[in-house]
Amino acid sequence: MPVRVRFAPSPTGYLHIGGARTALYSYLFAKRHKGQFILRVEDTDLERSKKEFEDSQIADLNWLGLIHDEGPDKPGDVGPYRQSERLDIYKKYSAELVEKGAAYPCFCTNAQLDIKKEKLAEAGKAPHYDGTCRNISQEESSKRIADGEEHTIRFTVPDHPFDFKDHVRGNVGWPIDMVGDFVIMRSNGMPTYNYCCTVDDWLMKITHVIRAEDHLNNTLRQLMIYEALGAEIPEFAHVSLLIGKDRQKLSKRHGATSVSQYQKEHYLPEALLNYLCLLGWSHPEEKDVFNIEDIVDIFDLDRFSKSPAMFDVDKLNYINGQYLRAMSIETLVLKFAEVCSSESPFHKQTPEWKNIFAELIKDKIQNFIEVREKVDEIFTSDIYLNDETKEILSWDSTKLIQEYLASELDGFDKPFISEDLIGDWMNHIKSEMKIKGKHLFMGMRVVLTGKAHGPDLKKVARLTPPGIIAQRISKLSLYEGH
RNA sequence: GCUCCUUUCGUCUAGCCUGGUCAGGACUACGCGUUUUCAUCGCGUCAACAGGGGUUCGAAUCCCCUAGGGAGUACCA
């Protein structure tokens, strides 16, 4: 039987990184077994579901490279792939279940239900539905339905325990009386999650359900429905949850949780995927920087950790940096151009300048977004005064260097200073002015760049317009005048 | 409340099934080396088996109890 795995998001928001992670695991498992990866849109919550969210989630999945084989935008044999378009199917099977006695119409109103729940809660009992409408005869309920009385369809919970083997959790079971008869069709005619999910997984011939642990308890209800439907039960893998710094389920208040946010921040999709993969799954050789395509052959369900994982931006950044370091200068230059704003001076530079720049900073950044400030640092005439630069500026030698460089730059008319010329200046300062070591290099750096630290001095200076350097030097003079 | 899941360095984790190397790796922090700076890179240091019982010559590993954390308990998914 061909492996078929699905990712089934509800379009009520942007693609969450937790969702991206389960999608990744599903994708990997499907690829590993040369099976199909199916995207199903669970849009039965009329109020919260929005087409724009469906579109953005698909766009995010595509950006990550998690391409589905079947979905709303890629019809297959078992469609439609949007639950709102499958209502006839859910109706058909719920009617069958009623026929079989596995479900029944319930005419209880919300108000009645609330009172029942309250009483049970007061008595310290689980707020399960008491089964009032179970005993209404077929004739009576048919009549009441014909009269237009509002009703739901409830599932008749069997009186035997259920258990199953989860690929991550092992054997999981529940006692009888764990749940009360639950609604499978709402009064507005829409199916509920546990019901339509089960019907779809069955009809879509899903063989492996890989999802987050918050669905573990839902599996009980779904198992009941599979049984009533006479459907074959798929295999399950309930992956641990992603949590935030406070160890609560990851949510908006923990910072960036949507995939699109990371895209906006210019993270590499491969790096995000690589990191996400590590949150709950481990490489058999304990590698932590690897390409997703390279683990397709070794990915399996036995290497999941059971406890929830905390999202750690530091490690994401590290991995992103590793990917960035492996890129060619050509690619980097293209990426840099993408990241810099349209008015950034970066775009006005020659290809040679861009290459030197890329070479110079590739090891200094973990994320493309940092390029912006690196460019700014070169083109700003601002000087950074802190304890370190102040100390360097207080040296007499620095003052001499500053005077010398000011005079050299006076009337300088080439677009850039060559590395050789900077070398000549250094030699002059060393041999003629007798300034060397730290005093020479740090003095030179602060005078030329206005900062105590930065990339290779000769190269940054070569990349900086002489006019900017001249401005910095005059600002330094002002500072010293105080 | 009830049910289910879970607990190894600050973080992600390996090891657990098939008891027996100073409990290994990675990120972070710190230190050293390289870089006359910073970063990269290399090397190193700090740092954990939730607690308590048991079984055993021997327990992170097997069993029991306690505590903590999470999820679910909907006409949300």
Side-chain angles (χ1 to χ4, degrees), chain A residues 8-13 42-45 47-49 83 106 108-110 113 117 120-121 123-129 150-154 166 168-170 172-175 177-180 182-194 196-197 211-221 238 240-241 243 245-249 275 278-289 302-303 305-319 321 325 360-366 388 392 436-442 444-446 449 451-457:
Chain A
S10 43
T12 54
E42 309 217 327
D43 55 350
T44 54
D45 184 343
E47 255 126 68
R48 298 195 299 146
S49 297
Q83 291 187 326
C106 170
C108 296
T109 63
N110 274 330
L113 258 19
K117 252 182 235 169
L120 286 166
K125 287 181 183 160
H128 294 157
Y129 180 64
E150 204 166 77
H151 67 282
T152 59
I153 304 291
R154 276 186 194 274
D166 188 89
V168 181
R169 316 275 146 200
V172 182
W174 297 269
D177 286 348
M178 168 72 199
V179 292
F182 54 93
V183 172
I184 57 173
M185 291 295 279
R186 291 184 266 221
S187 54
N188 68 358
M190 296 299 279
T192 58
Y193 166 72
N194 282 300
C196 54
C197 174
R211 67 200 349 175
E213 200 199 334
D214 47 356
H215 286 295
L216 188 58
N217 285 306
N218 285 327
T219 310
L220 168 63
R221 281 160 228 245
H238 287 93
S240 65
L241 247 24
I243 55 177
K245 282 250 184 287
D246 53 0
R247 304 211 72 95
Q248 305 278 309
K249 193 170 164 181
Y275 176 61
L278 251 20
L279 252 26
W281 186 83
S282 61
H283 193 286
E285 289 165 36
E286 296 193 52
K287 286 183 186 169
D288 55 6
V289 179
D302 300 331
R303 297 196 63 82
S305 67
K306 299 173 173 191
S307 46
M310 200 179 286
F311 191 87
D312 176 20
V313 181
D314 282 336
K315 188 139 188 186
L316 202 216
N317 286 337
Y318 165 78
I319 290 174
R325 231 134 272 149
L360 189 60
I361 70 159
K362 69 176 284 198
D363 289 343
K364 298 192 165 299
I365 59 175
Q366 291 190 309
E388 222 176 346
I392 295 163
K436 57 187 177 178
K438 196 179 170 186
H439 286 81
L440 166 63
F441 284 90
M442 294 306 282
M444 190 94 182
R445 175 175 291 281
V446 173
T449 69
K451 292 206 299 288
H453 303 291
D456 183 88
L457 183 58

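Owing to the predicted nature of the structure, the values given are computational and were not obtained by experimental measurement. Below, chain A is the first sequence line, B the second, and so on; all start at residue 1.
For the pair A:N217 CG and B:C2 P, the interatomic distance rounds to 15 Å; values are reported in whole Å. Here B:A14 presents its C1' atom at 15 Å from NZ of A:K306, a figure rounded to the nearest Å. One can place CG of A:D214 at 10 Å from P of B:U73, the figure rounded to the nearest angstrom. When the P atom of B:A74 is taken as reference, atom NZ of A:K117 falls 6 Å away, rounded to whole Å. Here the P atom of nucleotide B:A71 and the CZ atom of A:R169 are 13 Å apart, to the nearest Å. One atom, CE of A:M178, and another, P of B:A74, lie 10 Å apart when rounded to the nearest Å. Regarding A:N218, its CG atom lies at a distance of 10 Å from the P atom of B:A77, rounded to whole Å. Taking atom CD of residue A:E286 and atom C1' of nucleotide B:A23, one finds them 12 Å apart after rounding to whole Å.
Interatomic distance, OH of A:Y193 versus CG of A:D45, reported as 13.5 Å (0.5 Å rounding). Here A:M444 contributes atom CE and A:L457 contributes atom CG; the two are 6.0 Å apart, rounded to the nearest 0.5 Å.
Contacts of A:C108 with the nucleic acid, taken as non-hydrogen atoms under 4.0 Å apart, include base atoms. Across all strands, A:D456 comes closer than 4.0 Å to base atoms (heavy-atom distances). Nucleic acid contact class of A:G321 (heavy atoms, under 4.0 Å, all strands): none. At a threshold of 4.0 angstrom between heavy atoms, the contacts of A:T12 with the nucleic acid are absent. Heavy atoms of A:T152 sit under 4.0 angstrom from at least one base atom. Within the 4.0 angstrom heavy-atom criterion, no nucleotide atom of any strand lies near A:R211. Note on A:H238: nothing from the nucleic acid sits closer than 4.0 angstrom, heavy atoms only. Among the protein residues, A:D166 comes within range of no part of the nucleic acid, since none of its heavy atoms lies under 4.0 Å from any strand. Nucleic acid contact class of A:P175 (heavy atoms, under 4.0 Å, all strands): sugar-phosphate only. Contact annotation for A:S305: backbone-only contact, meaning every heavy-atom pair under 4.0 Å involves sugar-phosphate atoms and none involves a base. At a threshold of 4.0 angstrom between heavy atoms, the contacts of A:G180 with the nucleic acid are absent.
Ring centers of A:F311 and A:Y275: under 6.0 Å apart, within the cut-off.
For A:S307, counting side-chain heavy atoms from C-beta on, the closest listed nucleotide (B:A14, B:U28, B:U7) is B:U7. For A:D363, the listed nucleotide lying nearest its side chain is B:U40; candidates were B:A14, B:C27, B:U40. Looking at the side chain of A:H128, the nearest of the listed nucleotides B:U28, B:C75, B:U73 is B:U73. Of the candidate nucleotides B:C75, B:A71, B:U13, B:U13 has the atom nearest to the side chain of A:A309. Here the nucleotide nearest the side chain of A:K315, chosen from B:G70, B:C12, B:C4, is B:C12. When the nucleotides B:G70, B:U13, B:A77 are ranked by their closest atom to the side chain of A:S282, B:U13 comes out on top. Distances from the side chain of A:Y193 to the nucleotides B:U40, B:A77, B:C4 place B:A77 closest. Closest to the side chain of A:V172, from the set B:C38, B:C5, B:C12, is B:C5. Checked against B:U73, B:A77, B:U3, the side chain of A:W174 finds its nearest nucleotide in B:U3. Closest to the A:L113 side chain, of the nucleotides B:U13, B:C75, B:C12, is B:C75.
Under the Watson-Crick or G-U wobble criterion, with both distances below 3.5 Å, B:U35 is left unpaired in every strand shown.
Using atom C1' as the reference point in both B:G53 and B:A67, the two lie 14 Å apart (nearest Å). B:A26 and B:U8 have their C1' atoms separated by 15 Å, with the value rounded to a whole Å. Annotation: B:U6 and B:G10 have their P atoms spaced 23 Å apart (nearest Å). Here the separation of B:U28 from B:G68, taken at their C1' atoms, is 25 Å to the nearest Å. If you take atom C1' in B:A60 and the same atom in B:A48, they sit 10 Å apart, rounded to whole Å. Across B:C64 and B:C27, the matching C1' atoms stand 37 Å from one another, rounded to whole Å.
Nearest heavy-atom pair across A:S49 and A:E42 is OG-O, 4.5 Å.
Considering A:R211, A:E213, A:K306 in turn, A:R211 is the only one that fulfils the side-chain hydrogen bond (donor to acceptor under 3.5 Å, both in side chains) rule with A:H238.
Applying the 6.0 Å contact sphere to CG of A:D363 captures more than 12 heavy atoms from other residues, nucleotides or ligands.
Residues A:E388 and A:H453 have side chains in contact (heavy-atom distance under 4.5 Å, counting atoms from C-beta outward).
Closest-nucleotide positions on RNA chain B for A:A452 and A:G173 were compared, and the one nearer the 5' end corresponds to A:G173.
Looking at A:T192, its side chain has no donor and acceptor atom pair within 3.5 Å of the base of B:C75. The base of B:C38 has none of its N or O atoms less than 3.5 Å from a complementary donor or acceptor on the side chain of A:K451.
Look at A:R445 and you won't find any side-chain N or O under 4.0 angstrom from OP1 or OP2 of B:U35. Remark: A:S240 is not in phosphate contact with B:C5, judged by side-chain N or O atoms under 4.0 Å from OP1 or OP2.
Within the cation-pi definition used here (under 6.0 Å to the ring centroid, within 45° of the axis), A:R154 does not qualify as a partner of A:F182.
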